[in-house]
Amino acid sequence: MGNGTAARGSAQVSAGDLLHLVRSGRATTRGALQRATGLSRATVGQRLDRLFRAGWLREGAGAPVESPLGGRPATRLEFDDAHAVVLAADLETRHARTALLTLTGDVLAEHTGPLRVDEGPERVLDELGVRFGALLREGGRAARSVCGIGLAVPGPVDTGTGRVVQPPIMPGWDGYDIRSRLGRAFAAHADGPTHAPGPTPGGEPAPVPVLVDNDANLMAYGEQRASYPDCSAFALVKVSTGIGAGVVVDGSVYRGVDGGAGDIGHIRVPWVPGSAAALCKCGAYGCLAAVASGRALAGRLTAAGVPAASGSDVAGLLAAGHPEAARLAREAGRQVGEVLATVVTLLNPGVLMIAGDLAGTPFLTGVRELLYQRALPRSTAHLEIVTSRLGDRAGLVGAAALVVEHLYAPERAEERLAALGL
């Protein structure tokens, strides 16, 4: 905000703008808010009062005195993350993770269990509603304390509608109204009223908002915010049963024009031994996911007499030190590294994170071998290649952060305050 706020004029600075300044740490006292916005002391006080009455802000310990003449410490303003909670789910091909989180991303309760995405949206979303209800009971939170739900899915998403678009590994989900169905499932299985306080213009209770995005996007968002907040160009590659990438530029997920950015699993790659008959789930031959994903490796291991059905099975073999699994993972890493050489040259990221079931030493070694061999030194001079910091929670943390950033963005916050009658 900052310069943008000043350019708009103090009369247009809303309570939501003040909340954004406090949440971002750019202005955390009344005096700092006056200087950042040009508002009078009285106007700042009036707009802060709305945020206090909503329960979104609280007063913390005194901030250091900024004047050389000394004086009483200024009261620090803080975002109150105790006034609501977020539910999040991360769908994989064969299981799902669900969690109840605070508004600052701390996990209060979580669950991981089998759930096959190919069973279709009706069955899967209803089951997520059941698990959400159980998490609220475990965390001791009322259903109406949930301000939003975030969902990560293994397919491309039109974030404007929340619908997946031609997902290769999600049969029956194309164009499905996920938001409405998940909202109904939550309401059906929660104990007590689920709507957020404040009516809609039509007088009915407002449903809990549901936000949906691609799993790699949300993993990237969660990891960047948690561990690399100062990295202006961050890329994450998830290699599990499938392959996908998420990119965060200047703190925001880059999705492309219709949510298709990062779908590197369907880049065509050169032939490798053993991959000639590998048909991709998208219906084409030669896709990166058809030769280097966890599913591809599971198929090759099974053909070699080592039963494996998915990326998680391959991960188990790698953890046990299985030599053939390690060899294939390194070979897959080289295939992915060759594609990433182009990605790195195009994006010039500061951090490239490898995540997912295959993100161990053999795979990472293969990535490094080909990436540094094929990419220009200029593209990799300041590049960090790392593995996940948040692990299995990355998608959950990213999904929760997506909800919070949406609900407390200045314009949306102002709408919600008005709905509360504040």
Side-chain angles (χ1 to χ4, degrees), residues 1-2 4-6 8-61 63 74-87 100-106 136 141-150 179 183 186-187 190 192-211 400-422:
M1 193 183 301
T5 298
R8 285 160 43 200
S10 60
Q12 297 180 356
V13 179
S14 68
D17 290 317
L18 300 190
L19 178 66
H20 177 76
L21 287 168
V22 173
R23 290 187 63 234
S24 66
R26 295 169 66 180
T28 58
T29 65
R30 287 171 172 80
L33 288 171
Q34 288 176 242
R35 290 189 293 274
T37 63
L39 295 175
S40 69
R41 179 177 179 179
T43 302
V44 166
Q46 291 169 357
R47 295 182 184 174
L48 287 178
D49 182 60
R50 298 174 67 201
L51 298 171
F52 283 123
R53 284 189 287 148
W56 297 357
L57 282 187
R58 65 187 174 204
E59 293 183 337
T75 301
R76 184 181 297 277
L77 303 170
E78 300 174 346
F79 181 60
D80 189 345
D81 69 340
H83 72 270
V85 290
V86 179
L87 286 165
L100 177 69
L101 302 97
T102 69
L103 298 182
T104 48
D106 295 325
L136 287 171
R141 301 300 175 106
R144 67 182 305 152
S145 69
V146 176
C147 65
I149 298 171
R179 289 177 177 173
F186 168 59
T194 61
H195 62 272
T200 63
E204 295 298 321
V208 174
V210 177
L211 274 68
L402 184 73
V403 170
V404 173
E405 291 307 313
H406 169 75
L407 292 179
Y408 296 93
E411 290 186 6
R412 179 62 176 147
E414 197 63 27
E415 293 173 0
R416 295 175 65 214
L417 288 171
L420 291 167
L422 300 175

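These figures come from a predicted structure and were not determined experimentally.
Test L100, L101, V403 against L87 for side chain to side chain contact (heavy atoms under 4.5 Å, CB included) and you get one pass: L100.
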Subject >> side chain to side chain contact (heavy atoms under 4.5 Å, CB included) between R58 and D81, worked out >> reply: CA-CA 9 Å; R58 65 187 174 204; D81 69 340; 4.0 Å; yes
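Using a 4.5 Å heavy-atom threshold, the side chains of E414 and L417 count as touching. For the pair R30 and R41, the minimum side-chain heavy-atom distance is 4.5 Å or more. A heavy-atom distance below 4.5 Å is found between the side chains of T37 and L21. A 4.5 Å side-chain heavy-atom check between R47 and L39 finds at least one atom pair inside the cut-off. The shortest side-chain heavy-atom distance between L103 and V86 falls under the 4.5 Å cut-off. Contact check for R50 versus W56: no side-chain heavy atoms found under the 4.5 Å cut-off. Between D80 and L57 there is no side-chain heavy-atom pair separated by less than 4.5 Å. Between F52 and L77, some side-chain heavy-atom pair lies under the 4.5 Å cut-off.
Shown here for P209 and L407, the closest heavy-atom pair between the two residues is CG-CD2, 3.7 Å. Between L19 and A413, the closest heavy-atom pair is CD2-CB, 4.3 Å. Between D17 and P410, the closest heavy-atom pair is OD1-CB, 3.3 Å. Closest heavy-atom contact between A54 and L420: CB-CD1, 4.3 Å. The heavy-atom pair separating Y408 from C147 by the smallest distance is OH-SG, 4.4 Å.
Look at R412 and E405 and you find no salt bridge, because none of the NZ, NE, NH1 or NH2 atoms lies under 4.0 Å from a carboxylate O.
Residue L33 holds its CG atom at 5.5 Å from CG of L18, rounded to the nearest 0.5 Å. R35 contributes atom CZ, which lies 5.5 Å from atom OG1 of T29 (distance to the nearest 0.5 angstrom). Atoms CD and OG, from Q46 and S40 in turn, are 7.0 Å apart once rounded to the nearest 0.5 Å. Rounding to the nearest 0.5 angstrom, the gap separating the CD atom in E59 from the CZ atom in R76 is 12.5 Å.
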